[in-house]
Amino acid sequence: MPDVDRERAWLLTVDGAPQSYVDLDAPTHLEFEYARRLGHALDTFAAPGRPLDVLHLGGGALTLPRYLAATRPGSRQDVVEADRALLELVAEHLPLPAGTGIALHPADARAWLEAAPAGSADVLVADVFGGSRVPAHLTSVAYAREAGRVLRGDGVYLANLADAAPFAFLRSQLANLAEVFEELVLIAEPAVLRGRRFGNAVLVAGHHPFDVSALARRTASDAFPARVEHGAGLRRFVGDARPVRDEDAVASPEPPDGAFGIG
């Protein structure tokens, strides 16, 4: 769907839910709140302009790969998307400029992750939704361990998830990551964290401390302010949640009607 306010900007919807927004003339423009928060994390992870090796699980309209290609030229990016027809649609109507270093792979995210070489990525971005839910095979601690294996020692795992109070799913995902990574950060809108509505949450995980202060400043001053939870506050949020085994894994919760509607 074209954006009437921006000449070459497009909204991609999947099963009626907004999935991606791309401005072909301004690849650094991040329209969606969760995408902006992922962008803030990517900006603070490494020195400005430093090229990165990035693995994206979930493709959509390639919003974040385009952003990284513009802000960190020379980066190598692999995008894994199970929906081959979606990749073909995006490639046809929203083509990538030449020389972006972005490679597209029609494949299952977990299967690709399990086959990927150890220590091959600086960043892993997980934004995988089957319709409006994260598939169950990407919600277990075994999946989290594979993500940790593929990342380099100073690498960072980023994930876009969605949940609502009492946050059973979100807390279980944090418990999974805590089994693998020493450092965890949660970024979400205050109204979501207070249990007032269903919404997105961005998780950041790694083995080394992040510049949480810089990340908090960016997210607090954004057009869509968010809160950063870290340390003791995040441990209280996770509470007694336990890691999820493959045999017990479930998809993320179904969003309520209108949670991510258009217009």
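Hydrogens, waters and symmetry mates are skipped; everything else that's a heavy atom, side chains included, is used.
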Chemist: Is any side-chain heavy atom of Leu113 closer than 4.5 Å to a side-chain heavy atom of Val150?
Modeler: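 They are in side-chain contact.
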Chemist: Drop me the distance from Leu68's CG to Thr28's OG1, to the nearest 0.5 angstrom.
Modeler: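 Output value for this atom pair is 11.5 Å.
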Chemist: Are Leu184 and Leu186 close enough that some pair of their side-chain heavy atoms sits under 4.5 Å apart?
Modeler: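 No, side chains not in contact.
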Chemist: Between Arg37 and Phe224 (side chain of the first, backbone of the second, donor and acceptor by atom type, cut-off under 3.5 Å), is there such a pair?
Modeler: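 Yes, Arg37 side chain to Phe224 backbone: donor-acceptor pair under 3.5 Å.
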Chemist: Do the side chain of Arg197 and the main chain of Val192 share a donor and acceptor less than 3.5 angstrom apart?
Modeler: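 Looks like no, no N/O pair under 3.5 Å.
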Chemist: When clusters are formed by joining ILVMFWY residues with side-chain heavy atoms under 4.5 Å apart, either directly or through shared neighbours, do Leu193 and Val212 land in the same one?
Modeler: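 Hydrophobic grouping puts Leu193 apart from Val212.
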Chemist: Please check if Val123 and Ile187 belong to a single hydrophobic cluster, counting links between Ile, Leu, Val, Met, Phe, Trp and Tyr side chain heavy atoms closer than 4.5 Å.
Modeler: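 Looking at the clustering, Ile187 is in the same group as Val123.
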Chemist: Has the side chain of Arg194 got a donor or acceptor atom that lies under 3.5 Å from a matching backbone atom of Glu189?
Modeler: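 A pair under 3.5 Å: no.
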Chemist: Taking side-chain hydrogen bond (donor to acceptor under 3.5 Å, both in side chains) as the cut-off, I'd like each qualifying pair that reaches into residues 84-97, sequence neighbours left out, listed once.
Modeler: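 Passing the test, one end in residues 84-97: no pairs.
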Chemist: As an exercise, state the distance from OG1 of Thr63 to CZ of Phe32, rounded to the nearest 0.5 Å.
Modeler: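 Output value for this atom pair is 7.5 Å.
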Chemist: Using every non-hydrogen atom in the two residues, find where Pro225 and Pro190 come nearest and quote the distance to one decimal.
Modeler: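 Minimum heavy-atom contact is O-CD, 3.8 Å.
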Chemist: Could you tell me whether the side chain of Arg218 and the main chain of Thr44 form a donor-acceptor pair under 3.5 Å?
Modeler: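 No; judged by distance alone, with no hydrogens or angles, the pair does not exist.
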Chemist: Got a sec, which pairs hit ring pair (Phe, Tyr, Trp, His ring centres under 6.0 Å) with one end in residues 39-68, sequence neighbours left out?
Modeler: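 Found none.
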Chemist: Quick one: does Thr100's side chain have a donor or acceptor within less than 3.5 Å of a partner on Leu96's backbone?
Modeler: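 Not at all, since once roles are kept as given, no pair shorter than 3.5 Å links the two residues.
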Chemist: Work out which heavy atom in Glu81 is nearest to a heavy atom in Gly60; give both atom names and the distance.
Modeler: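 Shortest heavy-atom contact: OE1-N, 3.6 Å.
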Chemist: Any salt bridge between Glu146 and Arg149, counting N to O under 4.0 Å?
Modeler: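 Yes, this pair counts.
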Chemist: Can you tell me if CD on Glu182 sees more than 12 non-hydrogen neighbours from other groups inside 6.0 Å?
Modeler: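 Yes.
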Chemist: Determine whether the aromatic ring centres of residues Phe210 and His230 are separated by less than 6.0 angstrom.
Modeler: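 Centroid distance His230-Phe210: not below 6.0 Å, so no.
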Chemist: Would you give the length of the straight line joining atom NE2 of His29 to atom CG of Asp23, rounded to the nearest 0.5 angstrom?
Modeler: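 Reported value, rounded in 0.5 Å steps: 6.5 Å.
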Chemist: For a quick test of reading the model, state the closest non-hydrogen atom pair linking Pro73 to Pro51 and the distance between them.
Modeler: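 Scanning both residues, the minimum pair turns out to be O-CG, 3.4 Å.
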Chemist: Taking the side chain as every heavy atom from C-beta outward, state whether Leu174 and Leu234 have any pair of such atoms under 4.5 Å apart.
Modeler: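 The answer is yes, as the side chains (C-beta and beyond) meet within the 4.5 Å cut-off.
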Chemist: What heavy-atom pair brings Ser252 and Ser132 nearest, and what distance separates the two atoms?
Modeler: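 The answer is OG-O, 4.4 Å.
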Chemist: Let me confirm one number: the CG-OG distance from Leu177 to Ser172, rounded to the nearest 0.5 Å.
Modeler: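 Leu177 CG to Ser172 OG: 9.5 Å, rounded to 0.5 Å.
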Chemist: Please, which pairs that meet salt bridge (Lys or Arg N to Asp or Glu O under 4.0 Å) have at least one residue in residues 228-246, sequence neighbours excluded?
Modeler: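 Sorted pair list: Arg110-Asp246, Arg171-Asp240, Arg227-Glu229, Arg245-Glu247, Arg245-Asp248.
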Chemist: Between Asp108 and Ala111 (side chain of the first, backbone of the second, donor and acceptor by atom type, cut-off under 3.5 Å), is there such a pair?
Modeler: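 Between the backbone of Ala111 and the side chain of Asp108 there is a qualifying donor-acceptor contact (under 3.5 Å).
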Chemist: So, Arg72 side chain and Leu42 main chain: donor-acceptor pair closer than 3.5 Å or not?
Modeler: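 Answer holds: yes.
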Chemist: Any sub-3.5 Å donor-acceptor pair from Arg76's side-chain atoms to Asp53's backbone N or O?
Modeler: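 Not a single qualifying donor-acceptor pair exists.
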Chemist: Not counting sequence neighbours, which residues clear ring-ring contact (aromatic ring centres under 6.0 Å, His included) with Trp10? List them please.
Modeler: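 Not a single residue meets the ring-ring contact (aromatic ring centres under 6.0 Å, His included) criterion with Trp10.
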Chemist: I'd like to check Val80 versus Leu104 (side-chain heavy atoms, cut-off strictly below 4.5 Å). Are they in contact?
Modeler: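 Result no, sub-4.5 Å side-chain heavy-atom pair not found.
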Chemist: With a 4.5 Å heavy-atom cut-off, do Val185 and Leu203 have their side chains touching?
Modeler: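 Counting from C-beta outward, Val185 and Leu203 never come under 4.5 Å.
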Chemist: For Tyr143 and Asn176, does a side-chain donor sit closer than 3.5 Å to a side-chain acceptor?
Modeler: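 Short answer, no.
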Chemist: Side chains of His208 and Glu183, heavy atoms from C-beta outward: is any pair under 4.5 Å?
Modeler: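 Heavy-atom side-chain distance check fails, nothing below 4.5 Å.
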Chemist: Using a 4.5 Å cut-off on heavy atoms from C-beta on, say whether the side chain of Thr139 contacts that of Val250.
Modeler: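 Not in contact.
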Chemist: Is there a path of hydrophobic side-chain contacts, each under 4.5 Å between heavy atoms of I, L, V, M, F, W or Y residues, that connects Leu12 with Tyr21?
Modeler: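 Looking at the clustering, Tyr21 is in a separate group from Leu12.
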Chemist: What pair of heavy atoms forms the shortest contact from Val180 to His207, and how long is it?
Modeler: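 In this case the closest contact between Val180 and His207 is O-CE1, 3.1 Å.
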Chemist: What pairs of residues pass the ring pair (Phe, Tyr, Trp, His ring centres under 6.0 Å) test when at least one of them lies in residues 106-135, not counting sequence neighbours?
Modeler: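 Of all non-adjacent pairs touching residues 106-135, those that pass ring pair (Phe, Tyr, Trp, His ring centres under 6.0 Å) are His105-Trp112.
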Chemist: Can you name the closest pair of heavy atoms from Leu158 and Ala41 and give their distance?
Modeler: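 It is CD2-CB, 3.9 Å.
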Chemist: Can you tell if the side chain of Leu64 reaches within under 4.5 Å of the side chain of Leu38, non-hydrogen atoms only?
Modeler: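 Yes. Closest side-chain heavy atoms under 4.5 Å.
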Chemist: Look at the side-chain heavy atoms of Ile, Leu, Val, Met, Phe, Trp and Tyr, link any pair under 4.5 Å apart, and say whether Val79 and Tyr157 land in one connected group.
Modeler: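 No, because Val79 and Tyr157 fall into different hydrophobic clusters, even though each may have its own neighbours under 4.5 Å.
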Chemist: Please say yes or no: joined through hydrophobic side-chain contacts below 4.5 Å, possibly via intermediate residues, are Phe181 and Val54 part of one cluster?
Modeler: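 No: no chain of side-chain contacts under 4.5 Å links Phe181 to Val54.
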Chemist: What's the separation between atom CG in Leu124 and atom CZ in Arg152, rounded to the nearest 0.5 Å?
Modeler: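 The CG atom of Leu124 sits 12.0 Å away from the CZ atom of Arg152.
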Chemist: Is a donor on one side and an acceptor on the other found under 3.5 Å between the side chain of Gln77 and the backbone of Pro65?
Modeler: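 At least one qualifying donor-acceptor pair exists.
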Chemist: How long is the span from the CG atom in Leu52 to the OG1 atom in Thr71, to the nearest 0.5 Å?
Modeler: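 Separation between the atoms: 8.5 Å.
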Chemist: Under 3.5 Å, which donor-acceptor pairs do the side chains of residues 160-167 form with other protein atoms, sequence neighbours left out?
Modeler:
from	atom 1	to	atom 2	distance (Å)
Asn160	OD1	Asn200	ND2	2.9
Asn160	ND2	Asp127	OD1	3.0
Asp163	OD2	Phe169	N	3.3
Asp163	OD2	Leu170	N	2.9

Chemist: Given Leu94 and Leu24, is the side chain to side chain contact (heavy atoms under 4.5 Å, CB included) satisfied, shown in steps?
Modeler: CA-CA 7 Å; Leu94 307 173; Leu24 297 179; 4.2 Å; yes
